[in-house]
Student: 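Take this structure, written in structure tokens, and hold onto it; I'll ask about it next.
In listed order, ligands and their atoms are each counted from 1.
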Amino acid sequence: MTLIDTARTVRENAYAPYSKFKVGAAVQAVSGAIYSGCNVENVAYPEGTCAEAGAIAAMIAGGDTEIAAIAVIADSPQPISPCGGCRQKIAEFARGDVVVTLATIDGTVLHTSVATLLPGGFDADYMSRV
Ligand code: THU
């Protein structure tokens, strides 16, 4: 099963009654373990969480802290573009050269990287005087 297949499968479990937009994400840690997550919306809209956040939370709960690869899938006209917050969340646990695979459920796939998705991102270096 590829990382996209894992993301495709978990997407079916997304809880998205408000947007109707289901998203699935799968992360492979450097250990080889694979973790998945889906978006979980809430009637108090800002309390909803993205698929990527769920996959990352599962990875941390599973004892891994470094992402080797990540895939995200949705029923979108073009491969889904992770939101800004998720780009920052991914960058917390992935090197810039880590491949991010973005896909549609009908088979279009785009490969990009963490650094491409988040140029000039905030990182711990900015806090070096603290
Ligand atoms: N969503 C994700 O899960 N990941 C993204 O990168 C973009 C957006 C979810 C949040 C919300 O539940 C729905 O898609 C519509 O914004």
Student: In terms of side-chain heavy atoms, does D5 have a donor or acceptor partner in T2 at a distance below 3.5 Å?
Tutor: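 The criterion, which ignores hydrogens and geometry beyond distance, is satisfied for T2 and D5.
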
Student: Side chains of S113 and R95 only: does a donor on one sit below 3.5 Å from an acceptor on the other?
Tutor: no

Student: With a 3.5 Å cut-off and sequence neighbours excluded, list the donor-acceptor pairs that the side chains of residues 46-73 form with protein atoms.
Tutor:
unit_1, atom_1, unit_2, atom_2, d
D64, OD1, S31, OG, 3.0
D64, OD2, S31, OG, 3.0
D64, OD2, Y35, OH, 2.6

Student: Report yes or no: does R8 contribute a side-chain atom to a donor-acceptor pair with the main-chain N or O of G24 at less than 3.5 Å?
Tutor: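 Checked: no pair found.
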
Student: In order of chain and number, which residues sit within 4.0 Å of ligand 1 by heavy atom?
Tutor: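 Those residues closer than 4.0 Å to ligand 1 by some heavy atom are S19, F21, V23, N39, E41, C50, A51, E52, P82, C83.
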
Student: Between Q78 and T104, is there a side-chain donor-acceptor contact under 3.5 Å, judged purely by atom types and distance?
Tutor: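 Side-chain D/A pair, T104 to Q78: absent.
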
Student: Angle class for the Y18/Y15 ring planes (parallel below 30°, perpendicular above 60°, tilted otherwise)?
Tutor: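 Ring orientation, 0 to 90° scale: perpendicular.
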
